[in-house]
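Following: one structure in structure tokens, then a few remarks.
All values below come from the heavy atoms of this structure, side chains included, with hydrogens, waters and symmetry mates left out. Below, read A as the first sequence line, B as the second, and so on, with proteins coming before strands; counting in each chain starts at 1.
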Amino acid sequence: MLMAPQPWITPDGYERMTYALATRGLSKRYGSRTALDGLDLSVPEGVVYGFLGPNGAGKTTTMRLLTGLIHPDAGSIELLGRPFERGDRRRLFDVGALIESPAFYPYLSGRNNLRTLAATGPTTPAGRVDEVLELMGLASRARDKVSGYSLGMKQRLAIAAALLSDPKLLLLDEPANGLDPAGIVAMRDTLRRLAAAGKTVFVSSHILSEVQQLVDVVGIIAAGRLVREGTISELLHDEGVVRVRVAPGEVEAATAALALLEDRPRVEVGTDAAGGRLTIHVAPSRAAAINQALAERGVYASRVEAGSDLEGLFLQLTAEAPPPDVPAGPSWAAP
Amino acid sequence: MRIFLSGMLKLSRRLATWLTFGILLAILGLIFVAVGAAPPPEAGTDPGEGGVDPAVLLAFPTAYDNVIAFILGLGGLLAVIYGAAIAGSEWTWGTLKSAVARGENRTLYVLGTFASIAVVFAIGIVVATAFGVVAALVGGAIAGIPSDGIGDGAALGAIPEKLARVWVAIVGEGALGFAIATLTRSQLAGIGVGVGLFFGGQFAGIFLPDVVQYLPFSAANAVLATDGAGQGGGQVVQALEPNIALLVVAAWLVSALIVASLFTERAEIAG
């Protein structure tokens, strides 16, 4: 049974109580290898959720579990507000998915591939196949065999396939794979439109810049565990830093000046040989305010750097997480 | 029904369907025409040494039985390969994964897909029989054998039942290839294991006839009451009585489909 959901405050300040997708304590082992180790995801309705993690972190295993391709060893899944257990295949009628690489009959045309897929699962209205082909910009190539499609076209066809049932929840595994820049922009617009129409889009990716532009909420997974979840602005605010370099003799004065700031940010003093390096844990957007505070106390910074972006945060979080079967230690690196 | 119809669409557009059918027709036509074109053996020659007497193979109404027996023997081998190719590709190409992720019932998907294969086999057997009869007529004309017996009422009347028996046998053999490829999750492995079992069974029949006659391929070859002439898969040393063979084949068919369905139902689909 799932834990009682906690309210989710969206970036626009609205409180959401329901989740399109939630997992609690989700675990999966392949033999002696632990792929997921108690994963807790909370995906609010109507958002684009970015599911980030390094290779082997458990993203695809999670996708497979969410679509009933494999079954968890422990834990529970809730799809669209109702439990999803073994045998609950009809819960997937409202879910569209692209898992791993696009899967099609190479000798059939794009349209016939979608027609054969439309014969499975929920009933697909007449005309829906052409509608999604048009939506994904494939109408002009719909009669061509899939074996002649480029990787990007196959990817677009796979997204079209995921949209066939007009799903409330869309699960997309690395949807930008193989897409050219124009294709990525078009996909981003499509997914944003779907979210604006109330659908929930769950996107796994390792293209962080893409995720940063597309998603509302991010979950970062490492070594089978969720290491951080929240809106992008929250995460960057929580994990943001401003690095300042001052003269070694002014470190004390700088620290005192920063202590006067209203939110009294945590300040770390660097121990490098040159000295004078301070790391202030505040949102990167406050770099100018930090510089101003120092200047007002007569401390002039020779360098001010604002961090961190999502990539920095991702690297920091995923490098910290030890794999489930290996004790934490400095020699471990993410697989 | 939707899965069956979509299965028919998939099979009708698939090169393997036409290639398999083309091989069956080509070999069938080649054999019957070539026998007609070959010089007849000298009088008094042992049939095992002097070749086939065209009259035995091409004279009607016996030619009907010979055509059907060839389709049973050669068709069985092709059915194993075809069944394995269709089932294996669902795993290899990941299309089963897509259907399951849409909430499709795994067992219905397996059975619906196989039902379309069974219908393709039925169409193939009927068309191949018609083609074989024409080939026998052509071969007979070349050899100067009259086709007087072509309108034999008793022979014509028995054809539907014989074709039905051949269909059950070939569907049973196709189901084995289908189940093996499902278990191995691979086209190539399914085809390899299926063909290996096909020929292995024939070979083992020499040493263990009592046991092997109940194995699927031997039983399939025994569903027709023939002298074994022309069976492309080789002659069974000891054969079951045709009606018992039919029951044994049906049992293998049902078992193969149960195994394929259960395995797919319980499988963890990755990759």
Report summary line: Answer key: most heavy-atom pairs under 4.5 Å with chain B among T120(A), V95(A), D88(A) is T120(A)
Query raised in the report: Would you call the rings of Y49(A) and F51(A) parallel, tilted or perpendicular, where under 30° means parallel and over 60° means perpendicular?
Result: tilted
Query raised in the report: Hey, mind stepping through S109(A) and K145(A) against side-chain contact (heavy atoms from CB on, under 4.5 Å) and telling me if it holds?
Result: CA-CA 4 Å; S109(A) 67; K145(A) 285 184 180 176; 5.6 Å; no
**Report entry** Side chain, backbone, both or neither of Y105(A) within contact of chain B (heavy atoms, under 4.5 Å)
**Finding:** both
Query raised in the report: Does E78(A) pair with R91(A) as a salt bridge, N-O distance under 4.0 Å?
Result: no
**Report entry** L108(A) portion near chain B, given a 4.5 angstrom heavy-atom threshold
**Finding:** side chain
Report summary line: Against chain A, residues from residues 103-110 of chain B with at least one heavy atom under 4.5 Å, in numeric order, are G103(B), E104(B), N105(B), R106(B), Y109(B)
Query raised in the report: Looking at L117(A), L164(A), L171(A), T67(A), which has the largest count of heavy-atom pairs under 4.5 Å with chain B?
Result: L117(A)
Query - Part of A161(A) within contact of chain B (heavy atom distance under 4.5 Å) - result: backbone
Requested in this report: Indicate, with yes or no, if the rings of F217(B) and F199(B) have centres closer together than 6.0 Å.
Outcome: no
Query raised in the report: Between the side chains of R24(A) and S42(A), does any donor sit under 3.5 Å from an acceptor?
Result: yes
Query - Side-chain donor-acceptor pair present, Y64(B), T129(B), cut-off under 3.5 Å - result: no
Report task. Report yes or no: do T124(A) and R102(B) form a side-chain donor-acceptor pair below 3.5 Å? Result -> yes
Report task. If the plane angle is over 60° it's perpendicular, under 30° parallel, otherwise tilted; pick one for F32(B) and F70(B). Result -> perpendicular
